[in-house]
**Q** 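Quick one: structure below, then a few questions.
What's counted below: heavy atoms across the whole structure, side chains too, no hydrogens, waters or symmetry copies. This is a predicted model, so every value here is computed, not measured. One is the number of the first residue; the rest follow in order along the sequence.
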Amino acid sequence: MTNESREQSVDEAPIAKRLILGDPLASTDSDEHLLPKKRALPIFASDALSSVAYAPQELLLILLTGGLAFLAFAPWVAAAVIVLLTVVVISYRQLIKAYPSGGGDYEVARKNLGEIPGVIVASALLVDYVLTVAVSVASGVDNIISALPALNPWRVELAVGFVILIVVVNLRGVREASSAFAIPTYIFIGSVGVMIVVGLFQIVTGNPPVASSAQYGVETQSLTQAAVILLVLRAFSSGCSALTGVEAVSNGVQAFRQPKVRNAQSTLAMMGGIAIVLFAGLTAIALVSGVHYAENPCDLIGFDCSHPQPSLMAQVSSAVFGMNSIPFFIIQAATAVVLLLAANTAFNGFPLLGSVLARDGYAPKALNTRGDRLVYSNGMIILGLVAIGVLIVYQANLTNLIQLYIIGVFVSFTIGQIGMIRHWLRGIRGIRELPAEARHSASARSELFGLRKGLVINSLGATMTASVLIIVTITKFTHGAWLVFLAIPVLSFLMVGVHRYYRDVDHEIAMDDHIHFGSTGDVALILVNKLQKPVVKAVDYALAAKHDKTFAVHVSVTKEDAAALEAEWREHRMPIPLKIIESPYRMYASPIAEFVRKYREEHGSSVVTVYLPQYIVGHWWESILHNRRARRIAQQLMLVHGVSITLVPWLLDSSELIYGRRSRALPGDDRAGRATAPEVHRVGRRAIRPAGPPAPSSSSNPPVLAESTRGGRSEPGGLDEKGWSGQTDS
């Protein structure tokens, strides 16, 4: 893109949009905005990394429901979560290698299991991305309130404001988002890592940290053996929230720099390793320091439940470094920021998945359109609006939102892993079907070993994720997760419906060699309400197009207006005939449609082009002052067989605010011998024209078409062709 064209595209972008989003980027610049590993980690891994801030908290919260003795199960539950996380990370490294196009579990399921499993996975992921934003922001606000309890009354307002801020940052582009999010993410990793090391050192040296809630007992009820098992399984399912975000890397492979697959796999491995270390360290220190975090704060004996309950991260950091110490506030600030930024994983995954779905015809095509900053802005805006709605409905309550969480991600995990099993089996079968000589070659044996290794890894992953899905479903269904199980099939049904619609439309409009329209004539109609310059411009356009027949049409609501128009038409010697159509019921489109139908019956299947003048305005309030009759007429006439619509723009003086200059030459000026409108230079908000006499008009054309006036000034060729947006008027 040349500098001149780049400057022109920037100048045409609205000022407010440029201030918020920045200057538009050329499509040719897309490679420059691909991510290296060091920037991809905070973009795609912030969700998985930040989940260590609330996954241990939710794990201990559920166990504490049964009493302090149940905290003895915590190390084993945490170990099970770590094993599962390790298996899932290894499994997704295989998925990235096999399907690097960025569809993730959706592409795996659609290609290996069919359409319905594919849309179920896509629906589950979209729902999970929405909940990722809601849970991450709610958790971030929770940590802010833990440090600043006075902000508790504004919990919902803070959450909504942060979502809007994250949307705006993401709309500015991937590179800007990665720059904004990289520093807080790395500060979080470093500060929490230091806290874990210091805490473990204190434990080893015999001076273990003590949490502020260690002194509180808890009120519980006696549980049956079945209830104990269910409680442990529920704690495990809540701890599995640490796995959320793992799939985001596989959905965003195309956002990585070359070599894409290797960079994506490395980023996924780094993310998994860091998440495991932070999760294990936080859980260990929380147990040693005696963190007691209850689902209902009033169940804690001795705690004043009129105050918000400090988060697990706040209690651990205060136990290690001391309450209100500088490291305490650094960790709280870093945790709050990275939890808020964890929503950014969804703002990358949701739009990318939406673009893949739109490409395959399962979502509106608008989701596959890049905005000015080379991001899928429509998907980001939709995600932000839905997440804000969820936060408002649930009042940004983390405990309630977490019950809806991870259902979707484990649905996609399980189906995706099953799809990978099918993928490896197909590859193994292909090797076995080779001729004996090729089957026993070194390359075939090496490929077969890789296929079998992938099969083993994904079989283990499918078994474990399916088991967790069953556990999560049983333990969370009655706590609100039923809403997710309702949303997924509804969204899947809508996706299939969209796909069927696009398929039917493509079939309907597909080209074939037997198509025949059979038009035998060409007639132009210029709709006239009053004889004004926009109408004259439309007449000139129609004459320049050289239709077989051209005439003006006036829909007469009152006989007085029709008679006055006829007299004015003759007075100004208009070069085409005027036809009057009576409309006693004050309708406009219907009489014109009837006129077209009768004309085609009498003169054959002519193509009828209807010219409609349209005002172009520069102020938003002007749209209120002009009616929308021309637009309504156009929409109705487009349903009439054989009719095409031509909108003829007329720029009012206020349109200079949009375009910054006055009119250019009108089509037909050279033919008519008219001079071109002089170039306009702007000084502030004033338009300054070079001095000079107007060129003489041709005597072979009616005077009204040779010269016009705008704004009380004589302007040769002043009829403008520029502009296709604005408000209509008859």
**Q** Is a donor on one side and an acceptor on the other found under 3.5 Å between the side chain of T414 and the backbone of T465?
**A** yes
**Q** Quick check for you: to the nearest 0.5 Å, what is the distance between L151 atom CG and L158 atom CG?
**A** 6.0 Å
**Q** Show your working on side-chain contact (heavy atoms from CB on, under 4.5 Å) between L84 and F236 and close with a plain yes or no.
**A** CA-CA 11 Å; L84 178 62; F236 172 69; 4.2 Å; yes
**Q** Do M195 and L282 come close enough that some side-chain heavy atom pair is under 4.5 Å?
**A** yes
**Q** So do the side chains of V456 and W424 get within less than 4.5 Å of each other, counting heavy atoms only?
**A** no
**Q** For Q309 and A294, indicate whether the former's side chain and the latter's backbone hold a donor-acceptor pair under 3.5 Å.
**A** yes
**Q** Can F279 and L85 be said to form a side-chain contact (heavy atoms from CB on, under 4.5 Å), step by step?
**A** CA-CA 11 Å; F279 177 83; L85 178 56; 6.0 Å; no
**Q** Using side-chain contact (heavy atoms from CB on, under 4.5 Å), reason through F350 and V386 one step at a time and then give a plain yes or no.
**A** CA-CA 12 Å; F350 186 101; V386 177; over 6 Å; no
**Q** Check for a donor-acceptor pair, side chain of D142 on one end and backbone N or O of A138 on the other, with a separation under 3.5 Å.
**A** no
**Q** Can you measure from CG (D128) to OG (S123) and round to the nearest 0.5 angstrom?
**A** 12.5 Å
**Q** Only one of I90, I96, V88, L95 passes side-chain contact (heavy atoms from CB on, under 4.5 Å) with L268; say which it is.
**A** I96
**Q** Using side-chain contact (heavy atoms from CB on, under 4.5 Å) as the criterion, point out the one residue from V198, V320, L200 that pairs with P209.
**A** V320
**Q** For N458 and Q417, test the side chains for any donor-to-acceptor distance below 3.5 angstrom and give the result as yes or no.
**A** yes
**Q** Working to the nearest 0.5 angstrom, can you tell me the gap between S459 OG and M464 CE?
**A** 13.0 Å
**Q** Look up atom OG1 in T473 and atom CD1 in I407, then write down how far apart they are to the nearest 0.5 Å.
**A** 5.0 Å
**Q** Quick one: sort the F410 and F413 rings into parallel, tilted or perpendicular, breaks at 30° and 60°.
**A** perpendicular
**Q** Please name the pair of heavy atoms, one in L383 and one in A346, separated by the smallest distance, quoted to 0.1 Å.
**A** CD2-O, 3.4 Å
**Q** Between G461 and V87, which heavy-atom pair has the shortest distance, and what is it?
**A** CA-CG1, 3.7 Å
**Q** Can you tell me how far apart CD1 (I301) and CD (Q215) are? Round to the nearest 0.5 Å.
**A** 12.0 Å
**Q** Can you give me the closest heavy-atom contact between L60 and V291, atom names plus distance?
**A** CD1-O, 4.5 Å
**Q** Take a 6.0 Å sphere around CZ of F329 and say whether it holds more than 12 heavy atoms from other residues, nucleotides or ligands.
**A** yes
**Q** At their closest point, which heavy atom of V167 faces which heavy atom of M380, and how far apart are they?
**A** CG2-O, 4.4 Å
**Q** Any side-chain heavy-atom pair from V163 and L391 closer than 4.5 angstrom?
**A** yes
**Q** Mind listing the side-chain donor-acceptor pairs of residues 310-317 below 3.5 Å, one per line with the distance, residues two or more places apart or on another chain?
**A**
| from | atom 1 | to | atom 2 | distance (Å) |
| --- | --- | --- | --- | --- |
| S311 | OG | N143 | OD1 | 3.0 |
| S311 | OG | A314 | N | 3.2 |
| Q315 | OE1 | S213 | OG | 2.3 |
| Q315 | NE2 | P310 | O | 3.1 |
| S317 | OG | M313 | O | 2.9 |
| S317 | OG | A314 | O | 3.1 |

**Q** Among pairs that include at least one residue of residues 87-99, which meet salt bridge (charged side-chain N to carboxylate O under 4.0 Å, His left out), considering only residues two or more places apart or in two chains?
**A** none
**Q** Dump the intermediate steps for side-chain contact (heavy atoms from CB on, under 4.5 Å) on L131 and V484, then the final yes or no.
**A** CA-CA 10 Å; L131 292 175; V484 177; 4.1 Å; yes
**Q** N152: what forms a side-chain hydrogen bond (donor to acceptor under 3.5 Å, both in side chains) with it, not counting sequence neighbours?
**A** R155
**Q** Any idea which heavy atoms bring I82 and I276 closest together, and the distance?
**A** CG2-CG2, 3.7 Å
**Q** To the nearest 0.5 Å, what is the distance between CG on L71 and CG on L287?
**A** 6.5 Å
**Q** Taking all non-hydrogen atoms of both residues into account, name the closest pair between V108 and G419 and its distance.
**A** CG1-C, 3.6 Å
